[in-house]
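Below is one structure, written out as structure tokens, with a few remarks after it.
Values in this document were obtained by computation on a predicted structure and should not be read as measured data. Atoms considered below: every heavy atom in the structure, side chains included; atoms not considered: hydrogens, waters and symmetry mates.
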Amino acid sequence: MVVIKNTKARNAFIIGGLCSLSYFAVYIARNILGAVTPQMIEQTDYTTEYIGTTSSMYFIFYAVGQLLNGAIGDKIKARYMISFGLILAGITNIVFPYMSEYPFSAQIVYGMTGFFLSMIYGPMTKVVSENTEPEYAVRCSLGYTFASFFGSPIAGLMAAFFAWQTVFRISSIVLFSMGVFCFVSFLFFERSGIVKYNQYKKEKETGGVKVLIENRIIRFTFISIITGVVRTTVVFWMPTYVSQYLGFSAELSAGIFTVSTLIISFTTFIAVFVYEQLGRNMELTIFLSFVTAAIAFLAVYFVKMPILNIVFLVIAIMAANGAASMIWSRYCPGLRDTGMVSTATGFLDFVSYMAASASSMLFSNAVAVIGWGNLVLIWFGLMIAGIAVSAPMNKQVKG
């Protein structure tokens, strides 16, 4: 057993560990629908278009929730935001499979799951940035960013072994249990002095938006939009792409999704390693991530051999997620002196998921018109846009 003698390091490890577990539960839940989509299409009357609309509903609710809950998270304790978000999401998530006779109501219920899950990330980033040293905050961010990616293969693994209704039930139990555990744990942390709130105030009481603009929030908004489409929508449709375009069975598609997303889950560590090797140059790291993703998506279009096609798709997603990792692991925690970490994080997640919502619906409808192959070219075009937006400038981004 490893004993951490440095008090600040130990507290950071404890806080980061709890946040990582919480976010792991969130990402199991949010990847369930994508993982079981091939099953649902095969076994029920659900269509690709319906599931695409359902996922869009989730993303819209999640995005709006990020915007609202991000601002609220700067005022309300993380204990309430995180624990209640998990518990309420557990309730709506378990209701969804029982509403197949009421398609639109089912979509609303699934959307509410997204809203409740949006209560987690902003407050979590704020509590980490305010209660740990910058170097430890980065490591904490790495932990829950890794947990977010690792949730995808777990969702795929459950989809490979259980019926889709059972997968939702298991996810709900995990969410509810984690919510109760978080409430008790944060209560203990607060009483022990491990977690304190509002230690950092806004740099200027009247300059909230201006302060964020000075910290390049506009540029990172565009980067968040572009990476949001890949890390959310492309990953969501990956099992269906593998099943419909590459010809694998639903069961095998779930297995491929599990292995692929397990590999993708290590993206953050790779991104931070590259960032360190590039002299902690955030802009250059993001730029090279988009360049790599563009090349890989182009290879996905031209390479028809199924296994190699999947390999290049995984590389493309990992590269794009590398750019996203810089936002959540470096940029957002670096805003703690503004006193607006939760607000900024919620806003960036909002634009990310609004883009994901729009693209999920567009992609599901576009497949029938232009086919999966041409859709890959659209993904390639998004990476070209990312290259243009992220071209390095002389001035370094804070964080």
Side-chain angles (χ1 to χ4, degrees), residues 1-28 73-74 77-83 85-86 117 119-154 174-175 177-200 262 264-276 280 282 321-322 324-337 339 341-342 345 349 399:
M1 179 177 174
V2 179
V3 178
I4 304 175
K5 295 182 179 180
N6 184 308
T7 302
K8 291 182 178 179
R10 183 175 64 248
N11 290 348
F13 178 80
I14 293 171
I15 296 170
L18 180 61
C19 289
S20 296
L21 282 174
S22 303
Y23 217 46
F24 179 53
V26 169
Y27 265 75
I28 290 176
D74 274 324
K77 291 181 178 180
R79 168 165 43 113
Y80 298 115
M81 295 292 289
I82 295 175
S83 58
L86 290 168
L117 290 179
M119 296 170 67
I120 317 299
Y121 191 65
M124 184 172 68
T125 303
K126 177 181 175 66
V127 79
V128 166
S129 67
E130 286 194 339
N131 290 277
T132 63
E133 295 299 314
E135 61 178 307
Y136 299 135
V138 173
R139 289 170 173 77
C140 290
S141 298
L142 279 176
Y144 53 74
T145 304
F146 171 74
S148 71
F149 290 136
F150 196 63
S152 300
I154 296 301
V174 171
L175 286 170
S177 302
M178 196 64 227
V180 174
F181 180 69
C182 275
F183 186 88
V184 174
S185 298
F186 271 113
L187 182 61
F188 173 76
F189 292 168
E190 290 165 15
R191 291 182 176 178
S192 302
I194 295 174
V195 169
K196 298 177 183 178
Y197 296 100
N198 300 318
Q199 299 183 71
Y200 297 87
L262 178 61
I264 291 169
S265 67
F266 290 94
T267 297
T268 302
F269 298 103
I270 297 171
V272 171
F273 173 78
V274 172
Y275 165 79
E276 296 285 349
R280 295 175 176 256
M282 188 192 308
N321 283 352
S325 295
M326 288 294 101
I327 298 176
W328 315 117
S329 296
R330 295 300 297 149
Y331 179 71
C332 288
L335 295 172
R336 77 174 188 175
D337 290 338
V341 172
S342 183
T345 302
D349 236 5

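Taking each heavy atom of Thr267 and Gly322 in turn, the nearest pair found is CG2-N, 3.5 Å. Annotation for Gly179 and Ser83: closest pair O-CB, 3.2 Å, computed over non-hydrogen atoms. Contact detail for Cys19 and Val128: the closest heavy-atom pair is SG-CG2, 3.9 Å.
In this pair, Phe266 and Phe269 present their aromatic rings tilted. The plane angle is within the 30 to 60° band.
Going from atom OH of Tyr23 over to atom CE of Met124 covers 5.5 Å, rounded to the nearest 0.5 Å. Here the OG-CD1 distance, from Ser20 to Ile15, works out to 11.5 Å after rounding to the nearest 0.5 Å. Between atom CE of residue Met326 and atom CG of residue Asn321 there is a gap of 11.5 Å, rounded to the nearest 0.5 Å. A distance of 11.5 Å separates CG in Asp349 from CD1 in Ile120, rounded to the nearest 0.5 Å. Here Leu175 contributes atom CG and Ser22 contributes atom OG; the two are 10.5 Å apart, rounded to the nearest 0.5 Å.
Looking at Met178 and Leu18, their side chains come closer than 4.5 Å, going by heavy atoms from C-beta outward. Contact annotation: the side chain of Met81 never approaches that of Lys77 to less than 4.5 Å [non-hydrogen atoms, C-beta and beyond]. Under the 4.5 Å side-chain criterion, counting only non-hydrogen atoms from C-beta, Ser325 is not in contact with Val272. Between Phe189 and Val127 there is no side-chain heavy-atom pair separated by less than 4.5 Å. With contacts defined as side-chain heavy-atom distances shorter than 4.5 Å, the pair Ile194/Asn131 does not qualify.
Counting heavy atoms of neighbouring residues, nucleotides and ligands inside a 6.0 Å radius, atom CZ of Phe181 does not exceed 12 of them.
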